[in-house]
Amino acid sequence: GDIYLNDLDWYSTGALNCYRDTTNISIKETNGQIKNIKLKDLNSLFEENENAIPEIKKLEDRMILGRNGWTLFKSISRRKTNKEDLYTITPTRGAFLQLTGNHLIPVLREGKETLLKVKEVKVGDELIKANYSDFEDKQFIDVEQITEDKILLISNISKLRKYLDYKYDITSLRSHLGVKDEESSKLGIGYITMKHLKTLKETLDIPEEVLMTLEIKEYNGKGRLPLLIPITKELAKIYGYIFADGSIYFNEENGSYHAIFCNSNDFLINDFKTSIKSILPNYHVGVYMQEGTPCKKAMVSSKLLVQLLFRTLGFKDGAANIKIPQFIFDSSDEVKKAFLTALYNCDGHVRKEGSNYSTVSEGLANDIVKLWDTLGVNVSIRKYKTKDTKYEVKGKTGTRNYDTYSITTPSSEEKNKLVEHLMFYRGLEKDQFYAETLKPKLIKSEKIKSIETIKINEYVYDIETAEHWVNANGWI
């Protein structure tokens with residue numbers, strides 16, 4: 001049940017470079033473009049050599065499709081096999097996989113997810129499918145609705161220009177908008193204002209696929225946001241992490257704008273960072289130690305991102321006054337599960353007898369109950385009267401100004417249902433994390449019908465990702 005790592009840093013050379021060059025992967029470039037490629041299409045990254053020792057190339061400027069969606073593509077390595085055995089694993093349905101024998105792969109064996117070397121896999125074991133749905137029914141947060149017109153420009157407008165030329169014979173966008181020479185000079189090449197975009201949308205029919213390509217930026221600012229931000233599992237986790245152990249900070253006088261997540265667990269810090277990078281690949285997420293504590297602070301500095309979070313989390317007026325945004329309730333079940341996963345891995349825990357989530361916000365407690373109810377899980381709230389009680393931290397005493405609310409599952413059956421919906425979860429043991437699910441009925445898989453070996457002298461590849469999993473030919 002423990003989470004498994006598929007990471008270059010964890011294995012010796014003999015276990016590296018596992019996939020054949022014809023293996024299919026999906027990557028997302030920094031401009032958001034999605035490409036379905038074969039590993040050999042990345043050969044231009046490497047030097048021409050015949051070495052058996054892996055040549056490793058660091059990336060971290062693009063995303064790759066993993067087990068649960070887009071994750072940071074950290075590095076790729078390549079080497080020659082020198083007539084090493086290559087295993088062809090063929091399932092009853094779906095594409096086959098070709099891997100070296102020391103590759104570690106998760107399979108279902110007798111109903112239990114097990115991590116094995118490829119040479120240990122048997123006919124009758126089951127390959128595990130990737131659990132991914134693109135853009136979660138294509139729901140979006142429209143950044144236009146929650147930002148200030150006066151500070152924003154619209155960039156990346158080439159597709160908009162082409163569409164307007166094709167559909168409406170508008171060959172000069174600025175002339176159509178009545179932009180004067182002085183304003184045009186101030187805007188620079190390749191930009192229009194938010195006001196201009198609103199005028200276009202009010203008078204012309206512009207499809208979503210065109211609007212999705214547009215970006216928002218500030219005058220004289222470097223940061224950018226997509227005009228339409230897809231409501232994905234990664235976005236939901238960002239909100240969950242900030243709700244539980246995060247904050248948004250801004251000071252207009254000195255121009256400081258930060259979204260912050262603090263936690264002592266590296267797994268969660270890295271997941272927050274990866275979730276940010278999946279939506280905003282060009283943004284830097286700094287990680288710093290908090291002085292005097294075991295916690296790390298992951299921080300992204302962006303006026304636009306803070307505006308987005310503040311407008312949608314504006315009701316987070318202190319820890320005791322929190323409400324879950326309506327778009328979470330209106331989203332797919334997968335988005336709801338991702339949000340709850342982030343919450344529970346910060347302020348909750350799961351044990352054999354049941355589960356628990358604690359908060360000082362009565363509103364958040366009630367919203368969590370409602371959200372679990374939409375997923376068919378029954379949880380209940382218990383109020384603890386902690387207001388006006390004393391506490392002591394590092395030799396300093398104080399008085400609590402809040403009561404505490406505990407959300408629990410009333411039975412082991414409901415606890416098991418709750419666990420099924422969490423992408424990963426934390427036990428009572430410190431830093432002990434468990435795999436995405438322990439119930440094989442929730443894992444999509446196909447039985448292996450044959451395993452064959454051949455000896456090859458070709459390039460083979462391994463990939464390091466932030467979530468430690470890769471979607472290769474549709475399998476994990």
Side-chain angles (χ1 to χ4, degrees), residues 1 3 67-69 108 111-113 126 128-139 141 230-241 243-244 268 271 275 312 322-359 361-383 405-428 433-445 476:
I3 193 162
R67 180 167 188 160
N68 296 298
L108 287 188
K112 182 180 179 181
E113 182 176 331
E126 298 178 44
I128 297 175
K129 291 185 177 180
N131 177 25
Y132 175 70
S133 56
D134 191 18
F135 284 176
E136 311 304 344
D137 300 324
K138 290 197 178 291
Q139 301 177 76
I141 293 178
I231 300 175
T232 60
K233 293 189 287 286
E234 290 76 20
L235 182 69
K237 284 194 290 182
I238 292 170
Y239 276 82
Y241 286 135
F243 259 73
L268 298 181
D271 193 50
S275 297
T312 51
I322 306 175
K323 297 283 287 181
I324 295 176
Q326 186 60 41
F327 79 82
I328 296 289
F329 284 98
D330 295 338
S331 296
S332 68
D333 286 354
E334 295 304 310
V335 168
K336 296 174 186 176
K337 294 172 188 177
F339 177 79
L340 289 164
T341 295
L343 281 182
Y344 269 69
N345 278 281
C346 294
D347 291 336
H349 64 256
V350 178
R351 57 186 186 277
K352 289 183 179 180
E353 297 79 14
S355 66
N356 180 73
Y357 184 88
S358 296
T359 177
S361 170
E362 183 178 9
L364 177 59
N366 287 323
D367 278 357
I368 290 174
V369 172
K370 293 175 185 176
L371 195 59
W372 276 123
D373 185 61
T374 67
L375 296 170
V377 179
N378 178 30
V379 295
S380 57
I381 300 175
R382 182 175 179 180
K383 180 179 178 179
Y405 301 86
S406 179
I407 302 162
T408 60
T409 41
S411 66
S412 59
E413 180 183 356
E414 291 298 327
K415 184 268 294 187
N416 291 337
K417 288 167 61 177
L418 180 146
V419 169
E420 289 174 0
H421 290 309
L422 297 179
M423 296 167 63
F424 49 85
Y425 69 89
R426 174 173 79 134
L428 282 177
F433 283 79
Y434 296 91
E436 179 179 352
T437 177
L438 303 181
K439 293 254 181 167
K441 68 178 183 179
L442 293 180
I443 299 177
K444 296 180 180 178
S445 61
I476 301 306

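For this chain, numbers begin at 1 and follow the sequence in order.
Between Ile231 atom CD1 and Ser332 atom OG the span is 9.0 Å, to the nearest 0.5 Å. Rounded to the nearest 0.5 angstrom, Ile381 CD1 and Ile407 CD1 are separated by 5.5 Å. Atom-to-atom distance recorded for Ser445:OG and Leu108:CG is 4.5 Å, nearest 0.5 angstrom. Rounding to the nearest 0.5 Å gives a distance of 11.5 Å between NZ of Lys337 and CG of Leu371. Atom-to-atom distance recorded for Leu268:CG and Cys346:SG is 5.5 Å, nearest 0.5 angstrom.
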**Message:** For a side chain to side chain contact (heavy atoms under 4.5 Å, CB included) check, start with the C-alpha distance between Ile476 and Lys129, then their side-chain angles and the critical distance, and finish with the verdict.
**Reply:** CA-CA 6 Å; Ile476 301 306; Lys129 291 185 177 180; over 6 Å; no
**Request:** For Val379 and Thr408, run side chain to side chain contact (heavy atoms under 4.5 Å, CB included): C-alpha distance rounded to whole Å, both residues' side-chain angles, the deciding distance at 0.1 Å, then the answer.
**Result:** CA-CA 6 Å; Val379 295; Thr408 60; over 6 Å; no
**Residue pair Phe339, Ile324: steps toward the side chain to side chain contact (heavy atoms under 4.5 Å, CB included) verdict** = CA-CA 10 Å; Phe339 177 79; Ile324 295 176; 3.6 Å; yes
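Using a 4.0 Å cut-off between charged side-chain N and carboxylate O, Lys417 and Glu420 make no salt bridge.
Lys237 approaches Met423 most closely through the heavy-atom pair NZ-CE, 4.1 Å. Between Ile368 and Leu343 the shortest heavy-atom distance is CD1-CD1, 4.0 Å. Contact record, Ser355 with Leu418: OG-CD1, 3.6 Å, taken as the closest heavy-atom pair. When all heavy atoms are compared, the tightest approach of Lys336 to Thr374 is NZ-OG1, 3.3 Å. In terms of heavy atoms, Ala244 sits closest to Tyr357 at CB-OH, 4.3 Å. Among all heavy-atom pairs drawn from Ile328 and Ala236, the shortest one is CD1-CB, 4.2 Å.
At a cut-off of 3.5 Å, with distance as the only test, a side-chain donor of Asn356 or Ser406 sits close to an acceptor on the other residue. Residues Glu414 and Thr409 bring no donor and acceptor atom of their side chains to less than 3.5 Å of each other. Side-chain N/O atoms of Asn345 and Tyr241 include no donor and acceptor closer than 3.5 Å.
Partners of Asp367 under the side-chain hydrogen bond (donor to acceptor under 3.5 Å, both in side chains) rule, at least two apart in sequence or in another chain, are Lys323. Taking Tyr405 as the reference, nothing meets the ring-ring contact (aromatic ring centres under 6.0 Å, His included) condition, with sequence neighbours excluded.
Tyr239 and Phe327 have perpendicular rings, their planes meeting at more than 60° on a 0 to 90° scale where under 30° would count as parallel.
Formation of a donor-acceptor pair under 3.5 Å by the Asn366 side chain with backbone atoms of Glu362 is found in this model.
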